[in-house]
There are 2 protein chains.
Amino acid sequence: MADGRDGGGAGTAGSIGFRPLYQQIRDVLVQRIADGRLQPGEMLPSEMQLASELGVSQGTVRKALDAMTAERLLVRRQGRGTFVAEHDETRILFQFFKLVPDDGARSFPDSEVLSVTAAEADEAERERLALDDGATVVRIRRLRRLAGVPVIVEDIVVPEAMVEGLAAMEPPNNLYGLYAGRFGVTIGRAQERLKAVALTAADAALLGVPAGTPALEIDRLAIALDDRRAEWRLSRCLTEHVHYLSDLR
Amino acid sequence: MADGRDGGGAGTAGSIGFRPLYQQIRDVLVQRIADGRLQPGEMLPSEMQLASELGVSQGTVRKALDAMTAERLLVRRQGRGTFVAEHDETRILFQFFKLVPDDGARSFPDSEVLSVTAAEADEAERERLALDDGATVVRIRRLRRLAGVPVIVEDIVVPEAMVEGLAAMEPPNNLYGLYAGRFGVTIGRAQERLKAVALTAADAALLGVPAGTPALEIDRLAIALDDRRAEWRLSRCLTEHVHYLSDLR
DNA sequence: AAGTGGTCTAGACCACTTC
DNA sequence: AAGTGGTCTAGACCACTTC
């Protein structure tokens, strides 16, 4: 195995930093995705090839690949191969976008970008994104429509160091696809905090409802594969005809 | 294997209803939990014993047990054994109760039961719980406090046929524990739909805030292990100092 | 020391896709 | 026919808990 794990057999007795082989192999492969040696959509070597390359059995490789599939980092297709997961719209639609029409199929909202600015991070942004004093961020404000109806006002904050040049671009609808493809930052998970709030006059005007209308506030922190905090997003959503779907298992 | 699966080796080619052995074994064990032959907290036979009893290899048993552990139906403890998961407060706290104080540790809310009634299900209840015309339900209305502060008004509806005698009882705080222990109905998963709403005058009075205050409405359908719809719960939550936590992976 | 689950190996054969 | 992942077996040894 080329990437440096503690040598020897499976689990030397008494070793402090013991970590199962299959997890070490998972870490190696995650690192290859995180630093771009494995690109989204790329096919991995077969289980047998990986096993021989890494000096372990096929079963151990399989266990690592299964774990990464459960983490949604990989997609396995019987008879075809194992692929690095892509941040395509369908995947994001189901993994990260939980707003669903009360009746009807899920769909992806479009975005009208209202502003893109770069500035020094304020205290709340530094705290939430774990940034140093003086760090700069890119702020994107946009209005999102589902089936043509405005339902979401969204303020997005990204550390500028992570997305150099973003401030000068026209941000696409699918930002996570951009982060992965253009900046090598793959969002692996996110934490959302939900509250019910009364809309401010400004947000209400954008959404075409009276000020004070109840809205679902979604405070999302998106975490990259290397555990860096990659984006902070505050959305206010009208939920008269849509709901936030949460499956508890 | 005593519980009737399609015989023969692993995956007879061409058989229509093919289902992997380890999934068939999972199904057998889920059935034993669902009908009470395996009780919450009970220790399962060891992997080797199960393998010999069911006529498969230990690896296949392990795969079934691992799947059930991922489903949170079992708890495995190295060196001790494999146990049927319990609906204790800690487990429910993390699996089903997603409201968290903005600052501070998670805790379980207490409950003040406002009313318990039995009645014929109305149309909305029949629809949501998939009940026949004329079916009866038990309705529980309660006020829940976190750290002494009223934050949730909750309306709970349960098919009476599933919980005979509940209407005459004093419902405990932990209802899922009651369902499992007293009525043999184990909640395996739930689907929640969240909206932001304006509080009605009645709910607002209970919570001690002005009518129209924005609240987080949680519409939860709880599903039993045998896929029956076991409970419909509609909660209205004040989110000034708490939030709903949703981890997206 | 005995019993449990956890990891790892080696090998067989099946199911599915592509050529 | 060849290549991929999916399932299943049998056996070894490790890590942890209990007695």
Side-chain angles (χ1 to χ4, degrees), chain A residues 1 5-29 41-70 72-85, chain B residues 1 5-29 41-70 72-85:
Chain A
M1 200 168 122
R5 54 184 169 90
D6 66 24
T12 309
S15 69
I16 303 290
F18 171 68
R19 192 165 166 73
L21 256 185
Y22 74 92
Q23 283 187 31
Q24 297 180 42
I25 284 165
R26 173 203 165 277
D27 293 345
V28 165
L29 295 174
E42 185 175 341
M43 181 176 157
L44 271 67
S46 73
E47 296 180 351
M48 285 307 295
Q49 284 175 294
L50 280 171
S52 128
E53 175 199 342
L54 300 168
V56 299
S57 77
Q58 184 198 9
T60 300
V61 168
R62 162 170 289 277
K63 210 165 172 183
L65 299 183
D66 282 348
M68 293 176 72
T69 302
R72 308 211 207 203
L73 296 176
L74 300 178
V75 176
R76 314 192 75 177
R77 280 185 283 232
Q78 189 174 7
R80 295 194 51 199
T82 302
F83 303 83
V84 180
Chain B
M1 197 168 127
R5 54 185 170 91
D6 65 26
T12 309
S15 70
I16 302 290
F18 170 69
R19 191 165 166 75
L21 256 185
Y22 74 92
Q23 283 187 32
Q24 297 179 41
I25 284 165
R26 173 204 166 277
D27 293 345
V28 166
L29 295 176
E42 187 176 340
M43 181 173 156
L44 272 69
S46 73
E47 295 180 349
M48 286 308 295
Q49 283 176 295
L50 279 170
S52 130
E53 176 200 341
L54 299 167
V56 300
S57 76
Q58 184 200 9
T60 300
V61 168
R62 161 169 292 274
K63 210 165 172 182
L65 298 184
D66 282 348
M68 293 176 72
T69 301
R72 307 209 209 204
L73 297 176
L74 300 178
V75 176
R76 315 194 74 179
R77 280 184 283 229
Q78 187 174 8
R80 295 196 50 197
T82 302
F83 303 82
V84 181

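Here is the naming used below: chain letters follow the sequence lines, and residue numbers restart at 1 for every chain. Here the structure is a predicted model, which means the values were calculated and not measured.
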**Complete:** From the candidates dT4(C), dG5(D), dC8(D), the one with an atom nearest any side-chain atom of Met43(B) is dT4(C)
**Fill in**
Taking dT7(D), dG6(C), dT9(D) as options, the one with an atom nearest any side-chain atom of Pro20(B) is dT7(D)
**Request:** Could you state the atom-to-atom distance from NZ of Lys63(A) to P of dG5(D) in whole Å?
**Result:** 19 Å
**Asked** Could you state the CZ-C1' distance from Arg76(A) to dT4(D), rounded to the nearest angstrom?
**Response** 10 Å
**Prompt:** Do Leu29(B) and Leu73(B) come within less than 4.5 Å of each other through their side chains, counting heavy atoms only?
**Reply:** no
**Prompt:** Which listed nucleotide (dG6(C), dT9(C), dG5(D)) is nearest to the side chain of Arg62(B)?
**Reply:** dG6(C)
**Message:** Nearest whole Å is fine: how far is dT4(C) P from Phe83(B) CZ?
**Reply:** 11 Å
**Message:** Does a side-chain N or O of Tyr22(A) approach OP1 or OP2 of dT7(C) to a distance below 4.0 Å, or not?
**Reply:** yes
List every contact pair, protein side and nucleotides 16-19 of chain D side both N or O, where the distance is under 3.5 Å.
from, atom 1, to, atom 2, distance (Å)
dT18(D), OP1, Arg80(B), NE, 3.2

**Request:** Go ahead and name the base partner of dG3(D); Watson-Crick or wobble counts if both distances stay under 3.5 Å, otherwise write none.
**Result:** dC16(C)
**Asked** Between Ile25(A) (CD1) and dT7(C) (P), how many Å, whole number?
**Response** 13 Å
**Prompt:** Looking at dT7(C), dT7(D), dG5(D), which one has an atom nearest to any side-chain atom of Thr82(A)?
**Reply:** dG5(D)
**Message:** Nearest to the Leu21(B) side chain among dC8(D), dC8(C), dG5(C), which nucleotide is it?
**Reply:** dC8(D)
**Prompt:** Considering only dT4(C), dA10(D), dT4(D), which nucleotide approaches the side chain of Ser57(B) most closely?
**Reply:** dA10(D)
**Prompt:** Expressed in angstrom and rounded to an integer, what is the separation of Glu47(A) atom CD from dG11(C) atom P?
**Reply:** 16 Å
**Item:** Distance, rounded to the nearest Å, where Met48(B) contributes CE and dC13(D) contributes P
**Value:** 16 Å
**Prompt:** Which nucleotide, in any strand shown, forms a Watson-Crick or G-U wobble pair with dG11(C), with both distances under 3.5 Å?
**Reply:** dC8(D)
**Request:** Please figure out whether Gln58(B) or Thr60(A) has its closest DNA chain C nucleotide nearer the 5' end.
**Result:** Gln58(B)
**Asked** The side chain of Val56(B) lies closest to which of these nucleotides: dT9(D), dG6(D), dT4(C)?
**Response** dT9(D)
**Message:** In whole Å, I'd like the distance from the CG atom of Asp66(A) to the C1' atom of dG6(C).
**Reply:** 16 Å
**Asked** Checking Gln49(B) side chain against Ser46(B) main chain: does a donor-acceptor pair fall under 3.5 Å?
**Response** yes
**Asked** In whole angstrom, what separates Gln23(A)'s CD from dG6(C)'s C1'?
**Response** 11 Å
**4.5 Å side-chain heavy-atom contact, Leu54(B) and Thr60(B)** = no
